[in-house]
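What follows is a short report on a single structure.
Counting convention: from 1, in listed order, for ligands and their atoms alike.
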Amino acid sequence: MNFHVMTLFPEMIRQAMGESITGRAIREGYISLDVVNIRDFAENKHNRVDDYPYGGGAGMVMQAGPVYSCYQSVCEGIRKEQGGDSGRKVRVIYLTPQGKVFHQGMAQELAQEEELVFLCGHYEGIDERVLEKIVTDPVSIGDYVLTGGELPALVMMDAISRLVPGVLNNDLSAETESFSGSLLEYPQYTRPEEWMGEKVPPVLLSGHHKNIAAWYREQSILRTARLRPDLLEKAELTPEEREWVKGQ
Ligand code: ADE
């Protein structure tokens with residue numbers, strides 16, 4: 001997976017991605033990160049990339065020219081890396097509260113791509129004309145407004161990275177975790193066996209794998225019913241499980 005990020009705050013992206021699991025994944029070559037500063041494509045000697053909105057109104061708007069030149073430079077880099085034009089249009093994700101709301105299924109789908117380009121906006125937005133030309137996927141990370149697209153891009157890259165084979169030490173954990181089959185993950189425990197008078201559920205100490213698996217499933221269903229009943233409706237439950245959870 002090769003991530004390309006167009007931003008006015010490159011250090012924000014590099015710093016966050018350089019830590020923890022994504023940092024290790026970059027160092028070990030499972031993912032790559034190419035961060036490009038839109039300001040490097042400014043068209044004036046003051047390095048300005050924003051201007052007043054036509055029609056008036058609050059705030060500034062990022063200009064089409066620098067964003068488009070930045071995009072062309074990223075595409076040129078991808079072509080070189082691939083040794084020519086693959087003929088595939090690269091996906092350009094624009095982070096915006098007006099986009100489709102990000103979810104685990106979208107992360108899984110995007111993790112299949114070889115290249116992903118993220119466009120982070122700032123100020124009041126980006127000139128619509130360049131968005132129409134280059135953006136393939138407008139995406140929001142939730143119904144609230146942030147100051148820019150960097151944090152949403154980081155959220156998305158984090159969620160996508162951990163689905164790339166090799167990034168997690170334990171690939172199984174991406175399958176059993178929350179949202180697989182639209183269920184939340186079961187509770188987890190580690191040593192000590194008793195903490196502040198609270199014991200680990202005995203079944204987990206039994207060594208009986210079938211009973212443990214059944215308990216995990218039961219707990220996932222119960223948690224989802226209590227914490228996210230909206231998810232339970234589309235969860236993959238057997239008719240018996242549906243009947244059972246109604247009685248809980
Ligand atoms: N930019 C500002 N707010 C955002 C959000 N909620 N999701 C994605 N991009 C944004």
Side-chain angles (χ1 to χ4, degrees), residues 1-22 31 33-42 48-71 74-75 89-113 115-164 178-179 227-228 230-231:
M1 168 62 68
N2 301 313
F3 293 122
H4 308 265
V5 185
M6 303 193 275
T7 172
L8 288 173
F9 299 94
E11 278 317 303
M12 206 171 154
I13 302 290
R14 285 195 195 104
Q15 289 221 344
M17 287 294 284
E19 295 287 338
S20 186
I21 291 175
T22 47
I31 60 177
L33 178 67
D34 160 42
V35 188
V36 188
N37 193 340
I38 298 169
R39 200 173 297 287
D40 291 344
F41 300 87
R48 287 211 74 117
V49 292
D50 63 331
D51 210 329
Y52 294 99
Y54 277 119
M60 304 292 273
V61 177
M62 283 169 70
Q63 293 172 293
V67 172
Y68 192 66
S69 303
C70 182
Y71 165 76
V74 166
C75 291
K89 192 169 189 298
V90 62
R91 286 175 81 168
V92 178
I93 297 161
Y94 173 48
L95 290 314
T96 165
Q98 299 181 12
K100 202 169 151 197
V101 179
F102 188 53
H103 56 83
Q104 189 66 20
M106 205 191 283
Q108 271 154 358
E109 190 233 321
L110 292 170
Q112 311 304 314
E113 297 285 333
E115 315 283 340
L116 285 176
V117 179
F118 292 87
L119 170 58
C120 305
H122 252 270
Y123 313 117
E124 291 306 305
I126 301 182
D127 189 306
E128 191 66 22
R129 293 166 295 182
V130 69
L131 297 178
E132 280 169 7
K133 268 215 187 320
I134 71 173
V135 173
T136 60
D137 302 75
V139 179
S140 162
I141 61 158
D143 291 339
Y144 40 81
V145 182
L146 300 166
T147 56
E150 284 74 15
L151 289 172
L154 287 165
V155 165
M156 288 186 68
M157 288 191 287
D158 190 289
I160 294 165
S161 295
R162 57 192 294 293
L163 300 174
V164 171
S178 292
F179 303 115
L227 302 173
R228 291 291 305 273
D230 57 309
L231 284 180

### Task
Could you tell me whether the side chains of Asp127 and Gln63 share a donor-acceptor contact shorter than 3.5 Å?
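Side chains of Asp127 and Gln63: no pair found under 3.5 Å.
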Going by the atom numbers of ligand 1, which of them fall below 4.0 Å from some non-hydrogen atom of [X]?
X: Gly148; value: 1 (N)
X: Leu95; value: 8 (C), 9 (N)
X: Val139; value: 8 (C)
X: Gly142; value: 6 (N)

When you measure from [atom] to every protein heavy atom, which one gives the shortest distance, and what is it?
atom: atom 7 (N) of ligand 1; result: Ile141 N, 3.0 Å
atom: atom 5 (C) of ligand 1; result: Tyr144 O, 3.8 Å
atom: atom 3 (N) of ligand 1; result: Leu146 N, 3.0 Å
atom: atom 10 (C) of ligand 1; result: Pro97 CD, 3.6 Å

Does ligand 1 have a heavy atom under 4.0 Å from the side chain of [X], from its backbone, from both, or from neither?
X: Thr96; answer: backbone
X: Ser140; answer: both
X: Asp143; answer: neither

### Test log, rule side chain to side chain contact (heavy atoms under 4.5 Å, CB included), inputs Arg91 and Leu116
CA-CA 6 Å; Arg91 286 175 81 168; Leu116 285 176; 4.2 Å; yes
### Message
Show, in sequence, the C-alpha distance, side-chain angles and deciding distance for Met60 and Tyr52, and conclude whether the side chain to side chain contact (heavy atoms under 4.5 Å, CB included) test is met.
### Response
CA-CA 5 Å; Met60 304 292 273; Tyr52 294 99; 3.7 Å; yes
### Task
Assess whether side chain to side chain contact (heavy atoms under 4.5 Å, CB included) is satisfied between Met157 and Ile31, documenting all intermediate values.
CA-CA 10 Å; Met157 288 191 287; Ile31 60 177; over 6 Å; no
#### Entry: Nearest-0.5 Å distance, CE of residue Met62 to CD1 of residue Ile38
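It comes to 3.5 Å.
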### Message
Salt bridge check, Arg129 against Glu132: does any charged N sit closer than 4.0 Å to a carboxylate O?
### Response
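No, no charged N to carboxylate O under 4.0 Å.
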### Message
Let's go through Thr96 and Leu131 carefully: what are the C-alpha distance in whole Å and the side-chain angles of both, what is the deciding distance for side chain to side chain contact (heavy atoms under 4.5 Å, CB included) to 0.1 Å, and is it a yes or a no?
### Response
CA-CA 11 Å; Thr96 165; Leu131 297 178; over 6 Å; no
### Shortest non-hydrogen contact from Leu163 toward Ala111
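Nearest pair, atom of Leu163 first, then Ala111: CB-CB, 4.0 Å.
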